[in-house]
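Accompanying notes for the structure given below.
Order of appearance sets the numbers: ligands from 1, and atoms from 1 within every ligand.
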Amino acid sequence: MCDKGSMAQYTRVSGFVGLITLQNPPVNALSAAVRQGIVDMVERALSDPIVKSVVICGQNGNFCGGADIKEFGTNMSGPPLVPMIDAIEAANKPVVAAIEGSALGGGLELALGCHYRIAHSKARLGLPEVTLGLLPAAGGTQRLSRLIGVPAALNLITTGIHVTAAQALQLGIVDQVTDHNAVEVAVTFSLSVAGQSMDARRISTYPCPLPSDFDALFEGVMQKVRQSARGAIAPVACVQAVRAAATLPYTKGMEREQELMATLFTSGQARAQQYCFFAQRAVGRWRMPSGARWETSKPMPVHKAAVIGLGTMGRGITVALAQTGLSVVAVETQEKQLMEAKQAVSGMLERGAKRHGVAPMLDRISYSQNIQAVAEVDLVIEAVFEDMALKTEVFQQLSAVCKPGTLLCTNTSALDVDKLASEMPNPELVVGMHFFAPAHVMKLLEVVYGPRSSPQAVATAMQLGKKMGKVSVAVGNCRGFVGNRMLMPYLQQAFFLLEEGATPELVDRALEEFGFPMGVFRMSDLSGLDIGWRVRKRDELVEPDMASGQSARIRQGSRYSPLGDLLCEQGRFGQKTGQGWYRYDKPGSRVARSDPWLHSFLVEYRARHGLVPRSIDHQEVLERCLYALINEGFRILEDGIAAGPEDIDVIYVFGYGWPRHRGGPMFYASMVGLAKILERLEHYQQAHPDVPYLQPSSLLRRLVASDSPPIHRWREVIKKYQSQL
Ligand SMILES: CC(C)(COP(=O)(O)OP(=O)(O)OC[C@H]1O[C@@H](n2cnc3c(N)ncnc32)[C@H](O)[C@@H]1OP(=O)(O)O)[C@@H](O)C(=O)NCCC(=O)NCCSC(=O)/C=C/CCCCCCCCCCCCC(=O)O
């Protein structure tokens, strides 16, 4: 017997079991129609006298990905989740959740309303609402705390992590894990408990087990989330909701859960985080200005890859490749460096494997000092020193050695990928892969195409990035690509603010309170001040520190601050030398301390250049640094280097520490209001006419003139703008 009409299919199986199958591909999200289907089918199963037990499962081996995120922010209709789940829990026949694929968010909350949970061994479970700026408000905070205890519930709910079926069994979230068909196992099991009282299986009736160190636990967790969330409100609300579970009766706890959710649900932070969720997926649907796009570009098969150059980046890339299960040839011509790299790579693989409880992929890698070893690989990632002449030489060797059709990728953070390609016999096989350090940890990968890169080459690099667990974004070729290009005006404004009266501490505090994990100066100290110095020297911007006055701070026709150069001339390269914008107890130490020397140096510098310091507040720091960065983002869109604002936002959230609860720079601009950004840029440009980065971009002006459309409609304006160029 079967009813296929609704988005929850009803079938009677094994004679006496009502099987309810959620059907809303691809993840069976709980849309209004699915919720209606569940309500109707549960009612039907419970009122059918032949049915002794009920099993709930999801179509296509996927239980449920939670509430339908697309419905948030709309006029939500259909039956609400809480009474729907309460009705399931109150049922007088056993209801069993058969969990395959994922049970996330509202999906897990639905399962927690069932009397039993049986999971397939490959299933994953979690309450990731916090990552969407929300909390599990369909009873998740109240039921999970009662089921697995407060500490474990706090961990899952405040981080949003997904756990494996085995971990869920250990925590007590599921009752059984099976390698067989979970639905069949659940059907058989449900019959075995049919007729029994379900009173002891209703989680809402459980007392919440209280830890002995209750107050200390909550204080500690609250402090931790406040520190790591940096202004995000959802993790704090999650802690408060779990506290309610521990201190209030169930119904009162539910009221508190709803109350906290009501604040989050309509917040700008929730909108920002949900935008990030969809943006992360949208960047996979890449397109190039030539019209080539993801659906029509088939990746080449990659079975064997090579890495050339085993410095810090090369080692991380080798680890990331080996962890995908690929065979990797790691080449380093210097013997000592090769030995050190081998040891470092093995260590990273072993530590990673230990964390995940798997065997390290050590045997996937073969090491060589000879570039001939890459003759049979399908793809090479060159990661030698950031120098065009050296990279060109390596690429020429590669094209002589590699089999025809091998994809040649360069790991570069700023060099001209097209220039490199133009030196090769097969420029269509050349793409940039800009990894971020540490390359085996950082999620972002910029895949850089030039005008000659073939769509197949881009598709292959994008797919490889995905296999490595990266969020890959395809971007056009220009100085600094997207991320580093936008960083230039941001850094420049930070230097200018120091000249005008700010301190590194003030600038960093403003940015950290905004939500960055580190302000610009602490970040520069961490990455090394000498990196930028080398680039500025190559660009012939660095001059001997002789002159004073305004003219000494003009280079190539624009305002320039030599502050960073002056620090480097003193050997202050940041953490590695124990001194930079801050001082450190010893070279390599991480704790940044205010440095009186630096403050005196700034006073003396300003006096020498006739700069009168003035009071600068956080608002100015944010406007100057962030709006200059955003302005460059608009130029990048104008130039077609990024296909849409989502690409830029994903790059900044995943690669540059932009706080996710602010959605990325372009989303943030849309929230602040484009007219306001334009007005402030015009204001600062008038005050600093020698700073081209503050000149508002034409696209920003065009968007404002088009009544500042919502961000999802920017692409239309961009397209029109580009067609008129
Ligand atoms: C792990 C996944 C499930 C699958 O991953 P993968 O296989 O890699 O596939 P993806 O590429 O990620 O996804 C495929 C497509 O599916 C889309 N998708 C995925 N999940 C959802 C979803 N939950 N909703 C909608 N769409 C979804 C995805 O976008 C892809 O499509 P496209 O490429 O973008 O086109 C993975 O997808 C995943 O992790 N999904 C998200 C899981 C998740 O976060 N779930 C939690 C959702 S939130 C939730 O469940 C909340 C529950 C409680 C809600 C209670 C609501 C009550 C509202 C009351 C508010 C009270 C306020 C009142 C205010 C007032 O007073 O007025």
> Does a side-chain N-to-carboxylate-O contact under 4.0 Å join E257 and R143?
Replying inline: no

> Testing I648, V475, D647 for side chain to side chain contact (heavy atoms under 4.5 Å, CB included) with I636, which one passes?
Replying inline: I648

Could you go through ligand 1 and list every pair where one of its N or O atoms sits under 3.5 Å from a protein N or O, giving the atom names and the distance to one decimal?
unit_1	atom_1	unit_2	atom_2	d
ligand 1	12 (O)	R281	NE	2.7
ligand 1	12 (O)	R281	NH2	3.2
ligand 1	23 (N)	G65	O	3.2
ligand 1	23 (N)	A67	O	2.8
ligand 1	24 (N)	A67	O	3.4
ligand 1	24 (N)	I69	N	2.9
ligand 1	33 (O)	R285	NH1	2.9
ligand 1	45 (N)	G65	O	2.9
ligand 1	50 (O)	A67	N	2.8
ligand 1	50 (O)	G106	N	2.7

> Mind checking what makes side chain to side chain contact (heavy atoms under 4.5 Å, CB included) contact with A262, not counting sequence neighbours?
Replying inline: none

> Are N28 and F63 close enough, and set up right, to give a side-chain contact (heavy atoms from CB on, under 4.5 Å), and what steps lead you there?
Replying inline: CA-CA 7 Å; N28 298 319; F63 184 70; over 6 Å; no

> Can a salt bridge be assigned to the pair E716 and K719 using a cut-off of 4.0 Å between side-chain N and carboxylate O?
Replying inline: no

> Looking only at atom types and distance, does a side-chain atom of Q269 sit under 3.5 Å from a main-chain N or O of G231, one as donor and one as acceptor?
Replying inline: yes

